[in-house]
Each structure stands twice: as structure tokens, then as C-alpha cells.
Asker: 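Structure below; questions to follow.
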Amino acid sequence: MSTSVSSNIVSTNILKVLSLSPEEYRKRKVALISGITGQDGSYLTEFLLEKGYTVHGIIRRSSSFNTGRIEHLYRDSHEGPKMILHYGDLTDSTNLVHIISKVLPTEIYNLGAQSHVKVSFDMAEYTGNVDALGTLRLLDAIRTCGLTRHVRFYQASTSELYGKVVETPQSETTPFYPRSPYGVAKLYAYWIVINYREAYNMFACNGILFNHESPRRGRTFVTRKISRAVAEISLGKQECLWLGNIDAKRDWGHAKDYIEGMWLMLQQDSPDDFVLATGETHTVKEYVDKAFSVIGRTIIWEGEGEELVGREKDTGIIRVRVDPKYFRPTEVELLLGNPAKANKLLGWKRKVDFDSLVKEMVLADIEAIVLSVREPSSNELILDDLHVKLSTTLSMVFSGNEEMFEKQKVFKEIITPNFTDAGVESRV
Ligand SMILES: C[C@H]1O[C@H](OP(=O)(O)OP(=O)(O)OC[C@H]2O[C@@H](n3cnc4c(=O)[nH]c(N)nc43)[C@H](O)[C@@H]2O)[C@@H](O)[C@@H](O)C1=O
């Protein structure tokens, strides 16, 4: 199809939908997600598909695969796909206009960002371009397509806006004091959403989300870095974990719970901004302690500052050390959110508590390692050694827990054939 014919179809489509009332238009249930390949994007896609939406996602072109988290949702186009991916980028306005005019979404979730706080100090301009101006570009693309009255817009705002906090706990009325190029870029995005809401009467909301984690969290974020390391340590594949500021306090919830909150914001009668948080705060050190306790080990802390070490009680082995390279030029020391407004107006409440979150992440990482030993590249010796350590770890982790006991059986079924002589011969 030539470009001009395709453009004509796009404009005809827009004209058709503009004749619908916003209520009629919204009945189509079409979502567009930037950042669909990330942790939140993947959970949100599952959630919306379940609710009967057609989900479109914007993905950046990359020479390596970046769709691992949503691969399981992809169906062949001949089966009538419900998730459709488009190449695009928050730095490319023309492309955003084209995607929106083609997709004609009823809801847009702007989850795309350079989201790593430490990296934002190294890539400050890029972070501003994507996180701040990218939000403006999306909002303007909606206007360019004439869809301001039709589309509802969710902005992934963040507790990093509070930065050097001026009050605790932080709520929707707490003043902001961002402490990184990431936080500053998100501050622009927060205000441009409010400005477009007021200036053009758009249904646009900020979800001020505190840290939310899961087994799908990227491995450079501290919770996942720890859960992965603890899993590796339990299987004898790693000896020590190096961290930065382990006294930092965060309000950590489960990403799956927060996804529902995002959607709820767009289902209200009028647009507003909401904090989603657990109302609990924990230090990075507490996360480490809890993660090690999942594999039945206790960490004893010794020393201070950069000399601080975490020693395993039973063996005396140093399992945690501090590396200043992970420190940030300006740090956010404490975050603790007050989700009362979301509780009251959205009926939203987190379901997964801190202990369950840490446990799920550590177990998922153990599982991922177990499954990876099935790769043909593994060799017999490694498998043999791992089998002994794995059996010990599994018994400790799963003892006394009915639900986990079932999982242990599944793990054992998966790995056992790999470790028998015949299994190693035939499978590895
Ligand atoms: C809500 C907010 O949540 C996230 O931002 P973050 O809080 O910076 O997340 P993080 O897991 O990178 O750090 C948490 C804390 O842990 C400290 N920390 C210690 N040692 C290491 C360490 O080794 N690595 C990392 N990454 N952090 C460490 C670090 O200094 C910080 O105090 C993003 O999703 C962001 O997009 C967002 O919006």
C-alpha cells in the first residue's frame, strides 16, 4: 500500500471516530502503551488483555531482542492478535502522531522512560529528552490527531519527585524536591500533564508511584540485583554481592498491584493525581536480610561506611560489601508514601506485603537459574555440583510451606532428569 493511500485511510478513520461521542468512542477499549517491554508494561498488557482490551505497544528498534517480558502474549496475526507492536520512540514526534492516528487509542499509558536514577546522572540530556519532552510529544500528538476529548492519558510519575523529602509520609500535597536528572525530568512531565489537563481539558492523570518490584524487575535495580545474587549464592554460583548505599529507605510494593491502580485512575469520572504506595518503608539492608532469610541464612553486619560488610553467620563468609561506584552524586535517603487518597477514591490497596515480595523474587530467581541449567551449554560437572546445592537450598526454602512444597516438587521434576547419568547424556 502506498503511503498516500495509507494516510488517506488514517484520516478517514479519524474523521469517522471524531463523529462518535467520547462515550461511544471509549467503548472500543483500545490501549496504547509506551514502555510495553518493561516490567510495568508487561503486567499492564496482561491485565488489559484480560479485561478485553486490544493492546498496542510502542517498542524501540534494537539489534538484540527486547521483548522477553511480553513474548508469551504475542499471537500470530492470523489468530487475530490482541497485542500489536509498533516501532517507535518518545523522541520521534512524527512517528507518535502516525501511531496514534492509526491506532486511535481510547487510553494511553506513558510508561516509557530512561528509568534508572543512577544512569540519569551519566545521560542527563537523553533522560530529559525522553522522560520530560517525550511526555510532551505524546500529549501534543493526541492534540495533533484531534483526540483531546476522546483519549484518556496516564503518566508514570514517580516518588523520585519527592527526592530530598520535605515531609514524611509523602502524599499528593507534599512539595517536590527532585534529586537527580531523572527526578527533574519527571517533574517537567508531571507539570505538563497538569497543564494540558487544565489548558485543553484533557483527561490526563499522574500516578505518583513509589518503588514497585517483581521478578520482572530489571537486574540493575537494587531489589532484583539482591534477589538474583542471593539465588546465585544459594547455588554456589556467586560468593559476594556488592552494593552502594544500603541505608537508603524505600517504600517497596509489588508491580502487579500498582498496575491495577493505573487503570483505575483512568476509569474515574474526572482526572486527578494519585499516590500509590504501601505506607511502609524498609532499608536496602533489611531487604538483604530478608532475602538471605528466604534461603535460610543469617547475615551479621560489621563495620561502617565503605568498610561495612555482611557476613554469613554459619560460615563466616563475607556475602555483602560496599562499592562506592554505586553511590549517587545526590541520593534520595527516605521514601514513604501515604496512599490514603487512592484507598478512598479508587478503592485501591496493595495486596502483596514486603515479606511476600522478597520471597517471590528470590524464589523466581532460583527457578530461573534452575531452568537455565537445562541449556545445552551447561556441562556435567556444573550440573552435578549444582544438584547437591540445589537440593539443600530447596529443602530449606520450601520447608513448612504447603504451597511452596508443591513448587519444590515441580522443580525437582524439572531438574532431576538433568542430573541422572542418562539425563546428562541425553539432554546436555
Ligand atoms: C520510584 C523509582 O524507583 C526506582 O528508582 P530507585 O529508588 O533509584 O531504585 P533502585 O532500585 O535503583 O535504588 C533504590 C535504592 O537502593 C540504593 N542502592 C544501594 N545499592 C544499590 C545498587 O547496587 N544498585 C542500585 N540500583 N541501587 C542501590 C540506591 O542508592 C537507592 O537509594 C526506579 O524505578 C525509578 O524509575 C523510579 O521511578
Side-chain angles (χ1 to χ4, degrees), residues 34-35 38-41 43 110-123 127 130-132 134-135 155-165 170 176 178-187 189-190 206-214 216-230 238 240-255 257-259 261-262 275-278 281-289 291 305-306 308-310 319-337 339 357-358 361:
S34 73
Q39 167 189 262
D40 293 4
Y43 282 125
N110 183 28
L111 312 184
Q114 189 305 95
S115 66
H116 202 283
V117 174
K118 174 76 164 49
V119 171
S120 78
F121 288 96
D122 301 325
M123 302 178 74
T127 304
V130 174
D131 300 10
T135 307
Q155 169 60 16
S157 282
T158 161
S159 52
E160 282 296 301
L161 294 171
Y162 300 116
K164 191 173 175 186
V165 298
Q170 296 86 47
F176 298 133
R179 289 272 279 177
S180 63
Y182 170 78
V184 173
K186 285 284 188 174
L187 185 68
Y190 171 89
N206 283 291
I208 308 172
L209 269 54
F210 282 63
N211 297 54
H212 44 287
E213 319 292 312
S214 76
R216 295 188 195 171
R217 189 56 145 147
R219 278 166 65 173
T220 58
F221 294 95
V222 79
T223 54
R224 184 73 201 291
K225 183 175 169 182
I226 297 168
S227 65
R228 182 72 192 194
V230 169
Q238 182 175 333
C240 185
L241 160 66
W242 293 83
L243 291 171
N245 174 15
I246 64 170
D247 295 320
K249 289 183 166 174
R250 289 292 182 278
D251 180 328
W252 280 298
H254 197 298
D257 287 346
Y258 290 55
I259 293 318
M262 294 177 185
V275 161
L276 299 184
T278 69
T281 192
H282 298 272
T283 59
V284 172
K285 210 194 244 176
E286 281 171 61
Y287 190 100
V288 171
D289 286 333
E306 293 174 26
L308 182 87
V309 296
R319 291 302 188 190
V320 188
R321 286 186 188 276
V322 173
D323 186 339
K325 86 171 175 202
Y326 297 115
F327 292 164
R328 293 157 187 199
T330 40
E331 172 66 293
V332 173
E333 295 292 347
L334 160 73
L335 291 174
L336 171 61
L357 172 68
V358 180
M361 290 182 72

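Just so you know, ligand 1 is whichever comes first in the structure, and atom 1 is the first atom listed for that ligand.
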Asker: For atom 20 (N) of ligand 1, what is the closest protein heavy atom, and at what distance to 0.1 Å?
Answerer: Gly244 N, 2.8 Å
Asker: Give the atom numbers and elements of ligand 1 that come within less than 4.0 Å of a heavy atom of Ala248.
Answerer: 32 (O)
Asker: Look only at the side chain of Arg224 and the backbone of Arg217, and say whether a donor-acceptor pair between them is shorter than 3.5 Å.
Answerer: yes
Asker: Using a 4.0 Å cut-off to any heavy atom of Ser159, which atoms of ligand 1 qualify?
Answerer: 1 (C)
Asker: Looking at Glu333 and Arg328, does any basic side-chain N land under 4.0 Å from a carboxylate oxygen?
Answerer: no
Asker: When you look for heavy atoms under 4.0 Å from ligand 1, do you find them on the side chain of Arg217, its backbone, both, or neither?
Answerer: side chain
Asker: Provide the number and element of each atom of ligand 1 under 4.0 Å from a heavy atom of Thr158.
Answerer: 1 (C), 2 (C), 37 (C), 38 (O)
Asker: For Tyr182, is the nearest heavy atom under 4.0 Å from an atom of ligand 1?
Answerer: yes
Asker: Report yes or no: do Asp40 and His212 form a side-chain donor-acceptor pair below 3.5 Å?
Answerer: yes
Asker: What distance do Met262 atom CE and Leu209 atom CG have between them, rounded to the nearest 0.5 Å?
Answerer: 5.0 Å
Asker: Starting from atom 9 (O) of ligand 1, locate the nearest protein heavy atom and write down its residue, its atom name and how far away it is, to 0.1 Å.
Answerer: Asn211 ND2, 3.6 Å
Asker: How far is atom 13 (O) of ligand 1 from its nearest protein heavy atom, and which residue and atom is that?
Answerer: Arg328 NH2, 3.5 Å
Asker: What do you reckon, does His212 put a non-hydrogen atom under 4.0 Å from ligand 1?
Answerer: no
Asker: At what distance is the nearest protein heavy atom to atom 22 (C) of ligand 1, and which residue and atom is it?
Answerer: Lys225 NZ, 3.8 Å
Asker: Knowing that exactly one of Arg250, Glu213, Arg228 qualifies, which makes a side-chain hydrogen bond (donor to acceptor under 3.5 Å, both in side chains) with Thr223?
Answerer: Glu213
Asker: List the closest protein heavy-atom neighbour of atom 5 (O) of ligand 1: residue, atom name, distance to the nearest 0.1 Å.
Answerer: Val117 CG2, 3.6 Å
Asker: Of all heavy-atom pairs between Thr127 and Ala185, which one has the smallest distance, and what is that distance?
Answerer: O-CB, 3.9 Å
Asker: Would you kindly specify which portion of Val284 sits under 4.0 Å from ligand 1, judged on non-hydrogen atoms: side chain, backbone, both or neither?
Answerer: side chain
Asker: Counting non-hydrogen protein atoms only, what is the nearest one to atom 30 (O) of ligand 1? Give residue, atom name and distance.
Answerer: Glu331 OE2, 2.6 Å
Asker: Which residue supplies the protein heavy atom nearest to atom 36 (O) of ligand 1, what is that atom called, and how far is it?
Answerer: Ser115 O, 2.6 Å
Asker: Do Asn206 and Gln155 meet the criterion of a side-chain donor-acceptor pair at a distance under 3.5 Å?
Answerer: no
Asker: For Glu286, which residues count as a side-chain contact (heavy atoms from CB on, under 4.5 Å) partner, sequence neighbours excluded?
Answerer: His282, Thr283
Asker: When you measure from atom 18 (N) of ligand 1 to every protein heavy atom, which one gives the shortest distance, and what is it?
Answerer: Val222 CG2, 3.7 Å
Asker: Between Leu308 and Ile246, which heavy-atom pair has the shortest distance, and what is it?
Answerer: CD2-CD1, 3.0 Å
Asker: Under 4.0 Å from ligand 1, counting heavy atoms only, is it the side chain of Thr220, its backbone, both or neither?
Answerer: backbone
